[in-house]
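Read the structure below first, then the notes.
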Amino acid sequence: VKNVLATVQSVALQTVRQSDSLESFEPAFEGRLQALARAHDLLVEEGWAGADIGELVHQTLDPYRSKDGERVTIDGPKLTLRPQSGVALIMILHELATNAVKYGFLSTPGGTLKITWRIDDGDDRPQIRLRWIEAGVPLAKPPSRRGFGTALIERGTSHELRGRAVLEYRPDGLHAELIFPRDTPAWRDGSGEGRS
Amino acid sequence: VSARPDGLAGLRILVVEDEMLVAMMVEDMLRGMGCDVVGPAGSVEDALVEIRGQHLDGALLDINLQGRDSSPLAEALRDREVPFLVVTGYGRTEIGNAALDTAPRLKKPFGLAELMDRMTEVILGTPAHR
């Protein structure tokens, strides 16, 4: 990612914007900074060739799984994204996990998450459908205000993944789906294509 | 964001930036100035559609979009006499394209005050007051 400083600046400014106090700014900013750092680590390890969806999901969710392994189910084929999409997906998954700690399956003992992804060949071009299905969350409710996190999930999907995000707050938990084309016009450097 | 120089409010500004987080911030800054944001466009193709499709008062043009330089966009903007700032990160900044290389620059990361000053100079054509 070529503009690391500007990216960090963006995360800082927008986290400030939605923080009521320094006390709430600090963990929110640090979490996002860590997510960015994880994204960069992974991309460097992969030699900037691309990022496997499963690895991104594990990176984000393993810290929560280790505490209580049964709560999270992860299932999907090996699929490589171009590096920039990988960074976006890490940030999106981080926001989903952060929201889950505050309002979702990680905020309640009986909460569960099933995260799956697959290729849908039904349309004229293959789409990746990534589902984040929470359950067992009593009185599940959307975040109290539409903050940077939700914007990041929606904009990350539309701008970087060139798809769309559907966030549905059901009575027992969030159902989120990211739908994006497998081959984006933006994927030009050729590295990593067809690896999966 | 409270500062709203009257001259910039209401201008239709195209944002061309391929990094989502940076695009979100720039959009936020422009909205804070009262500008009408077009885009953000993250690729040469998407940006060309925006440039050809409507009236623009100005543009912020990232010099590099997913590994391609944005010369075609600089030329399209120049041909339409839309003033623009070329936004650069680190790395190569001389592209070998006149429209791109001779345009005024803005270096990332930039702050709100710097953006307002440069836009005032380049898009409104008046010297910034500071």
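Convention: sequence-line order gives letters A, B, ...; per-chain numbering from 1. Keep in mind that the numbers below use all heavy atoms, side chains included, and drop hydrogens, waters and symmetry copies.
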Do the side chains of [Y] and [X] get nearer than 4.5 Å, heavy atoms only?
X: A:Val11; Y: B:Met25; result: no
X: B:Asp46; Y: A:Arg162; result: yes
X: A:Arg17; Y: B:Asp28; result: yes

Hydrophobic cluster membership, [X] vs [Y], 4.5 Å side-chain cutoff:
X: A:Leu174; Y: A:Ile179; result: no
X: A:Val166; Y: A:Leu96; result: no
X: A:Val137; Y: A:Ile133; result: no
X: B:Val82; Y: B:Val49; result: no

Nearest-0.5 Å distance, NZ of residue B:Lys107 to CG of residue A:Leu5: 9.0 Å
Please give me the minimum heavy-atom distance between [X] and [Y], naming the atom from each residue.
X: B:Leu21; Y: A:Gln14; result: O-NE2, 3.8 Å
X: B:Lys108; Y: A:Ala6; result: CD-CB, 3.8 Å
X: A:His159; Y: B:Pro40; result: CE1-O, 3.5 Å
X: A:Phe148; Y: B:Met24; result: CE1-CE, 3.4 Å
X: A:Thr7; Y: B:Glu19; result: OG1-OE1, 3.2 Å

Toward chain B, the part of A:Gln9 with a non-hydrogen atom under 4.5 Å: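 The answer is both parts of A:Gln9.
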Contacting moiety of A:Leu152, where chain B heavy atoms sit under 4.5 Å: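 Contact with chain B: backbone and side chain both.
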A:Arg118 atom CZ, neighbour heavy-atom count above 12 within 6.0 Å: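 More than 12 within 6.0 Å, yes.
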